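Some notes on the structure that comes next.
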Amino acid sequence: MLGNLSDEETNGLIYLISENVRANLLGRSVVESRLFPVSHYIHTATYILYDQSYQYNIIREIAKALPPEEIGRRSKTLAAHLNQLAFNSFAMLYLHGRAQVIYDKIQQKKKGKAIEVEPEEKKKELKFILDYWKRLSPNYRNDKKLTVEDGTIQILPQDLINELRHEMVSVENNPELIRKIKRTTAQLTIRNFLAMGECRAGIFEQGPYITEFPDEILIFKEFISLYTGELPLGLDLGVDLEEILPMISHIKTDTIAPVENVIFGMTLKNMDKLQFNDWGTMFSEPSDFSKNITSIGLWTREPMHPKDLRYPDKLGKIQKLDLSMLDSLMTYAERSTAEIYVECAKWDYLRKLMLGVNVYANSIAVYTLYAGLERQFDWSWTIDVLNDVQRSELVNTQDVKRYIDILAKYPQKAHPFLSRFFRPKKKRKIDPTYYALQE
């Protein structure tokens, strides 16, 4: 039964995730337009996920229809909507919100208030979420691990790797093609990053994979949720999407993409270092590996509603694209980026903030797609916050406003519990950054 964890195992998972997130935070590289209040919206969203039991209430219903193990298996493909980044964030963001609430309550207790820091009901919710999380990545990754312990994200079967390798084109003595690949992936990165409020959702890197050629390795860089003039996956929520989620109107640009998702494959030789973290970010030496690229490939995955995916034989066909599509992809990336920036720059602070809150808190909606339950929930609470009204039964508008006001008082709008990440390891071992279960 989901949630049947001992206190000892629960605390062990909290420590594992705390140290994992710390390592990823210290090693991350950031691309920012400084258009969005990133810290402010992340901390607001995580308050919602935990304090209002938003994540628990939705995941509990999903678990009744589809086990987490199956979601992990159905994501074992290229350009999946759930991946290592999504699964890592599932635990990280919930624990982030929990740590904020616990920190706040401890401060209140220090002031003499009689308050229960972590009620039994919240402990049950915590154990459910952590148990759900520990069944995702092990069924997604080939090595069955919870996190990226060895610096690899390998999820594909060897026969598919071999098939894709034979579809790739040699780039030796073709520096112009390499430059075009680099420019296109860089511009698509900027476009997706901006479209998601300066968040990596929609961008993912995985590998390295061994091929039939022993002196090379294969990596993939993926971009999903490109706007083709239609909603991603052809979703029909039975409503006008812009009516319930006005924060996504900015991605409906006049410039449209030739495909909904695109996958770049590259084989590399003579790399000194090549590692991936849990957020699907690759780190390499040399950092500019243009001279190490030996072949490239370009594909798209057949769009399918996640509820129709079946492991292992129905995960969406991987279709080869002609390299001539690089020109139209570059045009789309450049022009749509300009359109999105101009549109978002017009917004007031609250709307910019709520775009980010929507991306982080409503990422849970993707899990409902896998279970075919997306219509069961009303995602329009983000509009309630913008309009200062209360219609949703899932999220309390005034509490969201309270979170926003609390965080606005802190430097850089970042919650002060973050300082716990920078304590010595001995202290973190005894008292995990994300807090062990509270008495």
Side-chain angles (χ1 to χ4, degrees), residues 14 17-52 54 88-89 91-113 115 117-118 193-194 196-201 247 277 279 281 341 344-345 347-361 363 382 385-386 388 395-425 427-428 431-435 438:
I14 291 171
I17 300 165
S18 295
E19 292 300 290
N20 173 265
V21 172
R22 181 180 188 274
N24 289 333
L25 282 172
L26 295 179
R28 70 174 177 169
S29 58
V30 181
V31 181
E32 291 190 22
S33 70
R34 304 192 183 281
L35 181 63
F36 296 95
V38 178
S39 291
H40 205 171
Y41 75 58
I42 290 176
H43 293 288
T44 301
T46 56
Y47 263 131
I48 294 167
L49 289 170
Y50 175 81
D51 192 44
Q52 302 203 29
Y54 185 65
N88 186 265
S89 298
M92 172 183 68
L93 298 179
Y94 182 84
L95 289 181
H96 214 82
R98 174 177 173 269
Q100 291 172 184
V101 170
I102 289 176
Y103 180 98
D104 294 345
K105 288 188 174 182
I106 289 175
Q107 300 309 306
Q108 292 172 29
K109 286 196 72 172
K110 289 179 179 178
K111 294 178 181 178
K113 291 187 178 181
I115 190 169
V117 174
E118 188 172 29
F193 201 74
L194 184 62
M196 295 295 176
E198 299 176 13
C199 165
R200 279 190 61 84
M247 279 71 67
N277 69 9
W279 300 343
T281 302
Y341 190 91
C344 294
W347 295 355
D348 63 21
Y349 185 88
L350 183 59
R351 182 162 179 173
K352 292 175 183 175
L353 185 147
M354 288 308 297
L355 168 66
V357 169
N358 181 59
V359 170
Y360 271 73
S363 61
T382 50
V385 178
L386 291 176
D388 199 20
V395 174
N396 184 283
T397 299
Q398 292 310 310
D399 279 340
V400 176
K401 294 274 193 175
R402 177 170 59 85
Y403 305 146
I404 293 171
D405 290 342
I406 289 172
L407 294 165
K409 300 174 183 177
Y410 298 131
Q412 287 79 51
K413 314 294 193 297
H415 196 281
F417 103 87
L418 288 176
S419 62
R420 291 173 57 83
F421 278 110
F422 303 100
R423 295 170 302 144
K425 186 172 183 179
K427 287 188 176 181
R428 300 197 312 270
D431 179 21
T433 301
Y434 281 138
Y435 293 102
Q438 300 294 295

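Keep in mind that what you see is a predicted model, and the values were worked out from it rather than measured. The figures that follow rest on heavy atoms only: side chains count, while hydrogens, waters and symmetry mates do not. Sequential numbering from 1 along the given sequence is applied to the chain's residues.
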Report the residues that fulfil side-chain contact (heavy atoms from CB on, under 4.5 Å) with [X], sequence neighbours left out, ordered by chain and then residue number.
X      : result
Lys409 : none
Ser363 : none
Asp348 : Leu350, Arg351
Ile115 : Lys105, Gln108, Lys109

For residues [X] and [Y], determine if any side-chain heavy atom of one lies less than 4.5 Å from a side-chain heavy atom of the other.
X      : Y      : result
Arg98  : Tyr435 : yes
Phe36  : Cys199 : no
Trp279 : Leu25  : yes
Phe421 : Val21  : yes
Leu418 : His96  : yes
Leu93  : Tyr50  : no
Tyr434 : Met92  : yes
Lys352 : Pro37  : yes

When rounded to the nearest 0.5 angstrom, what is the spacing between [atom1] in [X] and [atom2] in [Y]?
X      : Y      : atom1 : atom2 : answer
Leu35  : Phe193 : CG    : CZ    : 11.5 Å
Leu49  : Leu95  : CG    : CG    : 11.0 Å
Leu194 : Met196 : CG    : CE    : 11.0 Å

May I ask you to check whether Arg22 and Thr433 show a side-chain donor-acceptor distance below 3.5 Å?
no
Examine distances only and state if a side-chain atom of Gln52 and a backbone atom of Asn396 form a donor-acceptor pair shorter than 3.5 Å.
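Judged by distance alone, yes, a pair lies under 3.5 Å.
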Backbone N or O of Gln438 within a donor-acceptor pair of the Glu118 side chain at under 3.5 Å?
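Yes; judged by distance alone, with no hydrogens or angles, the pair exists.
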For [X], what residues pass the side-chain hydrogen bond (donor to acceptor under 3.5 Å, both in side chains) criterion, not counting sequence neighbours?
X     : result
Ser39 : none
Thr46 : Gln100
Tyr54 : Asn362, Trp381

With sequence neighbours left out, write down each residue that passes salt bridge (Lys or Arg N to Asp or Glu O under 4.0 Å) with Asp51, or none if nothing qualifies.
Arg402
So, using salt bridge (Lys or Arg N to Asp or Glu O under 4.0 Å) as the criterion, who are the partners of Arg420 when residues are at least two apart?
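Listed in chain order: Asp431.
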Mind checking whether Tyr41 and Tyr360 have parallel, tilted or perpendicular rings, split at 30° and 60°?
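Ring orientation, 0 to 90° scale: tilted.
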Test Lys413 against Val38 for side chain to side chain contact (heavy atoms under 4.5 Å, CB included), laying out the working first.
CA-CA 9 Å; Lys413 314 294 193 297; Val38 178; over 6 Å; no
Among all residues two or more places apart in sequence or in another chain, which pass the ring pair (Phe, Tyr, Trp, His ring centres under 6.0 Å) test with Tyr349?
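By the ring pair (Phe, Tyr, Trp, His ring centres under 6.0 Å) rule, Tyr349 matches His40.
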Residues that Tyr103 engages under ring pair (Phe, Tyr, Trp, His ring centres under 6.0 Å), provided they are two or more places apart
His415
Hey, mind stepping through His43 and Tyr403 against side chain to side chain contact (heavy atoms under 4.5 Å, CB included) and telling me if it holds?
CA-CA 8 Å; His43 293 288; Tyr403 305 146; over 6 Å; no
Apply side chain to side chain donor-acceptor pair (under 3.5 Å) to residues Thr281 and Arg200 and explain how you reach the verdict.
CA-CA 9 Å; Thr281 302; Arg200 279 190 61 84; 3.2 Å; yes
